[in-house]
Student: 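Got a structure for you, written out below as structure tokens; questions coming shortly.
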Amino acid sequence: MKRGLIAATGVAAMLVSVAACGSSDSDNGSGDSGDKAKSLTVWFMDGSNPAGWTKTVQAEFEQKTGAKLNIQVQKWDGIQQKLTTALSESSPPDVVEVGNTQTPSYAQTGGLAELGDLKKEIGGDWTESLNKPSVFEGKQYAAPWYAASRVVIYNKKVWADAGVKETPKTRAEFFKALEAIEKKGDAEPLYLPGQNWYFFDGLTIGTGADLVKKDGKKYVSNLADPKVAKAMDIYKQYQAFSKAPKDKDEATPQQADVFAKGKTGAFIGMGWEAATAIKANPAIEKEIGYFTIPGETADKPEGVFLGGSNLAIATGSKKQELAKEFLKIALSDKNEGALAKEVGSLPNKDSLLGNVKGNPAAEAAAPAAKGGGTTPLIPEWAPVENAPNPIKAYMTAVLNGKSPEEAAKQVEGDMNKRLAQKQ
């Protein structure tokens with residue numbers, strides 16, 4: 001079920017430069033109850049908990065509760081099975097970081113404690129788009145921690161040489177800028193391969209499309225919906241400005257490496273991808289700029305996929321109240337703001353977005369957070385994105401001339417088969 005990791009993996013990659021710190025306590029689960037050697041075990045994913053933030057939260061927790069914080073950093077590889085197993089044991093970790101789109105799967109199995117009371121106490125103003133993945137079947141099973149989304153990363157020199165003086169505020173203005181670069185002829189206006197699936201997912205969020213629908217008690221493909229077709233038409237308009245292959249994704253080759261050569265006007269990616277381009281060509285750093293993916297109107301940015309992580313409490317933890325105290329501290333406005341400031345992640349409240357000021361990539365991502373979303377928040381979704389992803393095949397088919405209806409019909413059998421797999 002590799003798909004479940006993807007949502008948070010993109011953000012984790014953004015955070016890899018920060019080191020985790022914490023106790024080396026050997027207690028692997030919630031273990032004993034009562035006051036004897038009172039400690040709380042927290043599982044963070046590799047790259048998620050930066051040093052400064054962790055040090056502060058650990059000190060606050062230990063001072064307030066008198067308990068020891070046992071932080072254990074987990075590797076992404078194999079985490080799905082490891083966490084599933086841990087949550088089913090009698091002494092699981094007390095608090096766990098979960099990729100936001102993974103939450104429904106763990107909630108369905110009964111591994112996560114319900115946190116409706118915590119939501120009422122500290123989550124009244126959590127951003128709805130970030131909190132939505134924490135809710136399953138109407139109940140709160142986690143708390144939103146952080147997120148990130150795609151932005152436009154552009155080459156200032158290429159744009160200036162084409163006479164484009166301002167960054168666009170609408171999709172039409174963006175197309176006009178790309179047309180100017182195309183007319184100049186010295187650079188590829190936009191690098192956009194045919195299977196940049198998460199950008200497409202953002203477009204479906206923007207058009208209000210649902211990728212699946214209920215058929216009786218089961219979920220089936222909804223790719224034939226006109227709203228999905230509308231999103232694909234927008235994608236096709238963007239892709240027309242690119243020479244990238246229609247049957248590859250943004251990692252084949254790495255789009256940041258293509259951009260690093262200095263002959264590309266822009267690409268759509270995660271903010272951390274700029275660092276990849278700079279590593280490949282340090283000279284390009286001074287030319288890199290960022291802006292929010294513009295929507296149809298200036299007052300509403302394009303829909304974006306929000307990848308991120310939630311914090312949850314294991315149902316089997318014998319330290320429920322202590323775990324909630326940790327969440328209150330970790331998710332306080334002060335510490336949420338500090339996390340955003342330290343690594344450029346999107347905090348769980350709109351009121352805290354000011355903390356990303358000074359980080360140009362995060363500043364570009366912030367305006368779209370409120371209107372962002374995810375893939376379908378159902379446990380059945382995970383197999384859909386296992387390679388070969390049928391939605392990528394749908395995208396390539398449309399770009400190669402098939403109608404959206406024909407392309408949807410071409411892949412619906414495979415997609416429905418995946419949605420029917422037992423989790």
Side-chain angles (χ1 to χ4, degrees), residues 6 8-20 46-48 50-53 76 146-162 164-168 174 177-178 181 184 186-193 196 198-199 202 238 241-245 248-294 304-305 307-308 339-346 355-368:
I6 295 174
T9 301
V11 184
M14 177 184 69
L15 308 179
V16 292
S17 62
V18 294
D46 187 22
S48 288
W53 179 89
W76 284 105
Y146 66 77
S149 66
R150 283 158 179 77
V151 298
V152 181
I153 301 171
Y154 75 105
N155 186 314
K156 296 177 182 178
K157 185 178 185 304
V158 170
W159 282 49
D161 288 348
V164 183
K165 299 179 180 179
E166 297 182 357
T167 54
F174 194 4
L178 296 175
I181 296 170
K184 183 71 166 55
D186 296 332
E188 182 178 12
L190 179 72
Y191 185 82
L192 181 66
N196 190 330
Y198 285 111
F199 174 47
Y238 274 114
F241 289 102
S242 179
K243 299 175 183 177
K248 303 294 182 183
D249 63 20
E250 67 276 19
T252 315
Q254 289 290 340
Q255 59 183 5
D257 289 336
V258 176
F259 180 78
K261 297 174 183 178
K263 293 295 183 180
T264 302
F267 72 99
I268 295 166
M270 304 296 289
W272 56 264
E273 291 183 78
T276 302
I278 293 167
K279 184 177 181 180
N281 177 17
I284 203 171
E285 182 172 10
K286 66 181 184 300
E287 306 298 348
I288 293 178
Y290 311 81
F291 61 87
T292 309
I293 304 173
V304 292
F305 171 77
L339 180 69
K341 190 170 294 186
E342 188 170 355
V343 300
S345 58
L346 299 176
N355 287 282
V356 303
K357 188 175 183 180
N359 183 317
E363 285 185 49

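The residues of the chain are indexed from 1 along the displayed sequence. Every value quoted in this text rests on a predicted model; they were computed, and no experiment measured them.
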Student: Show the nearest heavy-atom pair for residues Pro189 and Ile181, with the distance to one decimal.
Tutor: CA-CG2, 3.7 Å

Student: Does the side-chain contact (heavy atoms from CB on, under 4.5 Å) test come out yes or no for Phe267 and Val258, once each step is laid out?
Tutor: CA-CA 9 Å; Phe267 72 99; Val258 176; over 6 Å; no

Student: Looking at CG of Leu346 and CG of Asn355, how far apart are the two atoms once the value is rounded to the nearest 0.5 Å?
Tutor: 11.5 Å

Student: If I compare all heavy atoms of Ala366 with all of Val356, which pair ends up nearest, and what's the gap?
Tutor: CB-CG2, 4.4 Å

Student: Kindly give the heavy-atom pair with the smallest separation between Thr292 and Pro367, and that separation in Å.
Tutor: OG1-CG, 3.5 Å

Student: Quick one: pull up CZ in Phe241 and CG in Leu192 and give me the separation to the nearest 0.5 Å.
Tutor: 11.5 Å

Student: Return each pair, listed once, that meets side-chain hydrogen bond (donor to acceptor under 3.5 Å, both in side chains) where at least one residue sits in residues 248-271; pairs must be two or more places apart or across chains.
Tutor: Asp249-Thr252, Asp249-Lys392, Gln255-Glu273

Student: Could you state the interatomic distance from CG (Asn281) to OG1 (Thr276), rounded to the nearest 0.5 Å?
Tutor: 13.0 Å

Student: Keeping to residues at least two apart or across chains, list the side-chain hydrogen bond (donor to acceptor under 3.5 Å, both in side chains) pairs with something in residues 150-162.
Tutor: Lys157-Asp161

Student: Rounded at 0.5 Å granularity, tell me how far OG in Ser149 sits from CD1 in Ile268.
Tutor: 11.5 Å

Student: What's the shortest heavy-atom distance between Ala362 and Gly344, and which atoms?
Tutor: CB-O, 3.3 Å

Student: Where is the tightest heavy-atom contact between Ala260 and Ala280, given as atom of each residue plus distance?
Tutor: CB-CB, 3.8 Å

Student: Identify the two heavy atoms, one from Ala266 and one from Phe259, that lie closest to each other, and give their separation to 0.1 Å.
Tutor: CA-CE1, 4.2 Å

Student: For Phe174, what residues pass the ring pair (Phe, Tyr, Trp, His ring centres under 6.0 Å) criterion, not counting sequence neighbours?
Tutor: Tyr238, Phe291

Student: Check salt bridge (charged side-chain N to carboxylate O under 4.0 Å, His left out) between Lys184 and all other residues, then give those that pass, not counting sequence neighbours.
Tutor: Asp186

Student: Quick one: list whatever passes side chain to side chain donor-acceptor pair (under 3.5 Å) with Glu188, sequence neighbours left out.
Tutor: Ser242

Student: Quick one, Phe199 with Ile293, criterion side-chain contact (heavy atoms from CB on, under 4.5 Å). Give me CA distance, side-chain angles, the key distance, then yes/no.
Tutor: CA-CA 10 Å; Phe199 174 47; Ile293 304 173; 4.2 Å; yes

Student: By side-chain contact (heavy atoms from CB on, under 4.5 Å), which residues pair with Pro360, not counting sequence neighbours?
Tutor: Tyr290

